[in-house]
Amino acid sequence: MASAAFAVSSPAASAVAARSKARPAYSPPPQLLPILPPGLNISCVTAWWFVDARRCLGEEGARGGRDAAWGSRGRLANYAKNFGRVMMALAVDVSRFEGVPMAPPDPILGVSEAFKADTNDLKLNLGVGAYRTEELQPYVLNVVKKAEKLMLERGENKEYLPIEGLAAFNKATAELLFGADNPVIKQGLVATLQALSGTGSLRLAAAFIQRYFPEAKVIISSPTWGNHKNIFNDARVPWSEYRYYDPKTVGLDFEGMIADIEAAPEGSFVLLHGCAHNPTGIDPTPEQWEKIADVIQEKKHMPFFDVAYQGFASGSLDEDAFSVRLFVKRGMEVFVAQSYSKNLGLYAERIGAINVVCSAPEVADRVKSQLKRLARPMYSNPPIHGAKIVANVVGDPTMFGEWKQEMEQMAGRIKNVRQKLYDSLSAKDKSGKDWSFILRQIGMFSYTGLNKTQSDNMTDKWHVYMTKDGRISLAGLSLAKCDYLADAIIDSFHNVN
Ligand code: PGU
């Protein structure tokens, strides 16, 4: 490793190379190489450098006389400069980061990286929850293009936004979530901050919990979106799981869920998926939501909704906000993280919001002031582009209508592939296995029940990329690929344990 310092292509290295034409070649004495291992032996390199520098100068001196060797101060200065540069290269090369281990690939986003590296034509990326067209291409909504064109024509500027984000966006996003006529909006009970999409909104709320509820813990569904645990871990907020998925019924373990929420310490934060639960695609019924709200209210817990799929589950923005609005209607204080990655296809714009419904306007003001205080040293203020798109689309009745239509189309395409996949599986699988759970699941995903080894088989043998918990993103599937996918699932399910 240390020898790499002599191979660096830096000004120092080329200067040394140029001079080496006139003088003996610069390379570390071979007897030193074995004692310059990755552990770094700077003092040895230092010693060698001085000895070698003196040797070369001395040789030159012998050739050209005392003046040539020592009379040239510039030469000595050059040595010093090169020495400094090489030492810097050494320091970079060898290891202030020796204690930093390689992180494992991300269980979701890492799947896309593996997919890109696969050269097989049959490959299919069902890992990340990102909508694709029937041709399996990324999709930019027409209404987004229209809004962007308008923004370009208006020549809007790139000044900083306030810490809380774009006012027009914050208004639009709260109205979309709670309904424009909701009394909590009219009475100023909602603290809304534009944040860095769903993830950033959750992270900001987690920081708020850590600072103002240091005794509280968060309870999250088992299973849940893979990043939830990372978010609370990094924010130093303790969490535990409540039962949610029942593999026997491939449905909701409602009794388990209620019992675990009941058993959590009073005042816990209960993380709930507003709609289209990720990864299971199983949501409580409206009656079950009522019961969940009862228990949360009784135990003085704080409901904390993650709404990443509003409009994407049913195709209707209002229907998908049912659960959140039910809690708000009961007069409860509620946290809601929102994302526009999926429903407006703004994945890379990082646009979303954290909303906190409070019991009085004065409380909302205080909460908002503290959220801003947390955001300021984290990222200062949020990006403008996505916020303007959302504000323009939601704020313009024509574009708003067009968005709803496109969202219905996207949700509709996913429903079609869901049906086709079920049909293919039922027709091809002669074992009598009931695949109808796929039709009961909603949203972007299907939770197939395939275990890790079976999921590995899907990828290794069939080039179907998916998360190791058996989740497939139907948003990345086309009707044309359903038969192929059914073959892969049947093989993995029946032939791999
Ligand atoms: N909450 C849930 C439940 C999600 O599924 C996702 C995205 C987010 C929040 C955060 O999305 P933002 O893009 O930050 O708004 N889950 C996708 C996307 C990939 C990922 O893991 O970030 C997924 O495939 O599960």
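Ligands are counted one by one from 1 in listed order, and the atoms in each one are counted from 1 as well. In this chain, numbering begins with 1 at the start of the sequence shown.
Distances below 4.0 Å separate heavy atoms of A308 from the following atoms of ligand 1: 1 (N), 2 (C), 4 (C), 9 (C). Of all the atoms in ligand 1, the ones that sit under 4.0 Å from a non-hydrogen atom of G129 are 23 (C), 24 (O). Set against the non-hydrogen atoms of S339, the atoms of ligand 1 under 4.0 Å away are 12 (P), 15 (O). Residue S197 has at least one heavy-atom neighbour below 4.0 Å for each of these atoms of ligand 1: 12 (P), 13 (O), 14 (O), 15 (O).
Residue H273 has no nitrogen or oxygen atom sitting less than 3.5 Å from a nitrogen or oxygen atom of ligand 1, judged on distance alone. Taking any N or O of Y347, backbone or side chain, none lies under 3.5 Å from an N or O belonging to ligand 1. Backbone and side-chain nitrogen or oxygen atoms of G198 are examined, and one is located within less than 3.5 angstrom of a nitrogen or oxygen of ligand 1.
Under a 4.0 Å N-O distance rule, the pair D234/R203 does not qualify as a salt bridge. Salt bridge E153/K149: present, at least one basic N to carboxylate O contact under 4.0 Å. E290 has a carboxylate O that lies under 4.0 Å from a charged side-chain N of R330, or vice versa, which qualifies the two as a salt bridge. Using a 4.0 Å cut-off between a side-chain N of Lys or Arg and a carboxylate O of Asp or Glu, E362 and R366 qualify as a salt bridge.
Ranking protein heavy atoms by distance to atom 14 (O) of ligand 1, first place goes to T199 OG1, 2.6 Å. Looking from atom 3 (C) of ligand 1 to the surrounding protein, the closest heavy atom is D306 OD2, 3.3 Å. The nearest heavy-atom contact from the protein to atom 13 (O) of ligand 1 is S341 OG, 2.7 Å. If you check which protein heavy atom lies closest to atom 23 (C) of ligand 1, you get R471 NH2, 3.5 Å. When only non-hydrogen protein atoms are considered, atom 19 (C) of ligand 1 lies nearest to V128 CG2, 3.7 Å. In this structure, atom 7 (C) of ligand 1 lies nearest to the protein heavy atom K342 NZ, 3.4 Å. When hydrogens are left out, the protein atom nearest atom 21 (O) of ligand 1 is W225 NE1, 2.9 Å; that is the closest non-hydrogen contact.
The closest approach between R350 and ligand 1 falls below 4.0 Å for a heavy atom of the residue. In this structure, Y309 counts as a contact residue of ligand 1, since one of its heavy atoms falls inside 4.0 Å of the ligand.
L477 and L136 get closest at one heavy-atom pair: C-CD2, 3.8 Å. Between N497 and N451, the shortest heavy-atom distance links the atoms C-ND2, 3.5 Å.
Ring geometry, Y484 versus W462: the interplanar angle exceeds 60°, so the pair is classed perpendicular (tilted spans 30 to 60°). Using cut-offs of 30° and 60° for the angle between ring planes, the F304 and F335 rings count as tilted. Ring orientation note: the planes of Y340 and F169 are nearly perpendicular, at an angle over 60° on the 30°/60° scale. The aromatic rings of H228 and W225 stand perpendicular to each other, their planes meeting at an angle above 60°, with 30° marking the opposite boundary.
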